[in-house]
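All values reported here derive from a predicted model rather than from experimental measurement.
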Amino acid sequence: MTLERLDPAALPAATGNYTHGTLVTGARRTVYVSGQVPWAGDDGRVPPEFDEQCRLTWRNVLAVLAEAGMGVEHLAKVTTYLSDRRYREANSRIREEVLGDHTPALTIIITGIYSEDWLLEIDAVAVG
């Protein structure tokens with residue numbers, strides 16, 4: 001299975017850790033990760049700070065991937081929903097910490113989130 005970056009010369013260069021598109025070849029499995037939120041264990045505690053919420057949400061995404069025997073290198077598409085535009089830089093920084101050199105297709109949407117306590121939600125598609 002390979003994930004190939006699609007960054008056409010006709011488009012502006014992708015900045016940050018994403019690609020304009022991802023071509024998947026040879027995959028046998030696809031995992032659709034439902035929107036993950038910053039739940040902390042069985043108590044449902046939601047930390048107040050964005051950085052902690054973001055890391056916790058990524059932990060939850062990675063837990064779903066691990067259940068399928070996958071990791072960040074299998075992510076083909078990630079969608080992040082932010083409750084406020086002011087979280088863009090922190091979100092980008094933490095996403096880069098989590099993904100390292102891996103650059104999946106990416107969408108970020110500024111929107112209202114289901115719970116007012118949640119500052120973000122992340123869903124994803126992984127292939128393997």
Side-chain angles (χ1 to χ4, degrees):
M1 191 263 327
T2 60
L3 295 170
E4 180 183 334
R5 291 177 59 118
L6 299 176
D7 289 314
L11 297 177
T15 58
N17 62 329
Y18 79 97
T19 184
H20 285 290
T22 303
L23 173 63
V24 179
T25 55
R28 295 177 302 174
R29 300 179 307 140
T30 304
V31 175
Y32 297 91
V33 180
S34 292
Q36 297 299 304
V37 296
W39 288 106
D42 293 334
D43 65 0
R45 185 184 70 80
V46 177
E49 300 299 321
F50 180 83
D51 283 21
E52 190 175 353
Q53 283 199 25
C54 190
R55 285 187 177 90
L56 187 55
T57 301
W58 272 109
R59 183 203 71 180
N60 296 343
V61 169
L62 297 177
V64 174
L65 294 179
E67 188 71 15
M70 295 183 176
V72 295
E73 70 277 10
H74 295 97
L75 288 169
K77 174 73 168 102
V78 173
T79 303
T80 303
Y81 305 87
L82 297 176
S83 66
D84 194 294
R85 187 172 305 282
R86 69 180 172 209
Y87 301 126
R88 290 177 307 168
E89 288 79 20
N91 175 66
S92 179
R93 176 178 39 81
I94 294 167
R95 183 182 65 247
E96 193 167 337
E97 288 173 13
V98 172
L99 299 181
D101 292 335
H102 185 62
T103 54
L106 174 68
T107 300
I108 300 172
I109 299 170
I110 310 299
T111 187
I113 308 287
Y114 182 78
S115 171
E116 292 179 5
D117 293 337
W118 302 339
L119 303 177
L120 77 158
E121 184 171 346
I122 299 172
D123 69 45
V125 178
V127 294

*asked:* Determine whether Leu6 and His20 satisfy the following criterion, side chain to side chain contact (heavy atoms under 4.5 Å, CB included), listing intermediate values before the conclusion.
replied: CA-CA 6 Å; Leu6 299 176; His20 285 290; 5.7 Å; no

*Would Glu52 and Arg59 count as a salt bridge (charged side-chain N to carboxylate O under 4.0 Å, His left out) if you check the C-alpha gap in whole Å, the side-chain angles of each, and the deciding distance to 0.1 Å?*
CA-CA 10 Å; Glu52 190 175 353; Arg59 183 203 71 180; over 6 Å; no

*What's the verdict on side-chain hydrogen bond (donor to acceptor under 3.5 Å, both in side chains) for Tyr81 and Asp123, showing C-alpha distance, side-chain angles and the deciding distance?*
CA-CA 9 Å; Tyr81 305 87; Asp123 69 45; 3.1 Å; yes

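With sequence neighbours left out, the side-chain contact (heavy atoms from CB on, under 4.5 Å) criterion links Ala90 to Phe50, Asp51, Arg93.
Gln53 contributes a side-chain N or O that, together with a main-chain N or O of Pro47, makes up a donor-acceptor pair within less than 3.5 Å. No donor-acceptor distance shorter than 3.5 angstrom exists from the side chain of Thr19 to the backbone of Ala105, with no hydrogens or angles considered. Put simply, the side chain of Ser92 never gets that close to the backbone of Arg88: no donor and acceptor are under 3.5 Å apart.
Under a 4.0 Å N-O distance rule, the pair Glu49/Arg55 does not qualify as a salt bridge.
Minimum interatomic distance between Glu73 and Leu3 (heavy atoms only, all atoms of both residues): O-CD1, 3.1 Å. Closest approach of Thr57 to Pro38, counting heavy atoms only: OG1-N, 3.2 Å. Closest non-hydrogen pair, Met70 versus Ala126, comes out as SD-CB, 3.8 Å.
The shortest side-chain heavy-atom distance between Leu65 and Val33 falls under the 4.5 Å cut-off. The closest side-chain heavy-atom distance from Ser83 to Leu120 is not below 4.5 Å.
When the side chains of ILVMFWY residues are joined at heavy-atom separations under 4.5 Å, either directly or via intervening members, Leu62 and Trp39 end up in two distinct hydrophobic clusters. Residues Ile113 and Ile109 are members of one and the same hydrophobic cluster, defined by side-chain heavy-atom contacts under 4.5 angstrom among Ile, Leu, Val, Met, Phe, Trp and Tyr. Hydrophobic clustering (ILVMFWY, side-chain heavy atoms < 4.5 Å, transitive): Val61 and Leu99 are in one cluster. Note on Leu106 and Val31: same hydrophobic cluster, where clusters join Ile, Leu, Val, Met, Phe, Trp and Tyr whose side-chain heavy atoms are under 4.5 Å apart, directly or indirectly. No continuous path of hydrophobic side-chain contacts links Val37 to Ile110 [ILVMFWY only; heavy atoms under 4.5 Å].
For residues 106-118, every residue pair satisfying the side chain to side chain donor-acceptor pair (under 3.5 Å) rule, not counting sequence neighbours, is listed here: Lys77-Thr107.
Considering CE of Met1 and NE2 of His74, their distance stands at 4.5 Å, rounded to 0.5 Å. The line from CG of Asp7 to CG of Leu11 is 8.0 Å long, rounded to the nearest 0.5 Å. Here the OG1-CG distance, from Thr22 to Leu75, works out to 9.5 Å after rounding to the nearest 0.5 Å. Interatomic distance, OH of Tyr87 versus CG of Leu119, reported as 4.5 Å (0.5 Å rounding). With rounding to the nearest 0.5 Å, the separation of CG in Leu82 from CG in Asn91 is 4.5 Å. Here Ile122 contributes atom CD1 and Ile108 contributes atom CD1; the two are 9.5 Å apart, rounded to the nearest 0.5 Å.
Screening Glu97, Glu96, Arg95, His102 against Asn17 for a side chain to side chain donor-acceptor pair (under 3.5 Å) leaves a single residue, Arg95.
With no hydrogens or angles considered, a side-chain donor-acceptor pair links Thr103 and Arg5 at under 3.5 Å.
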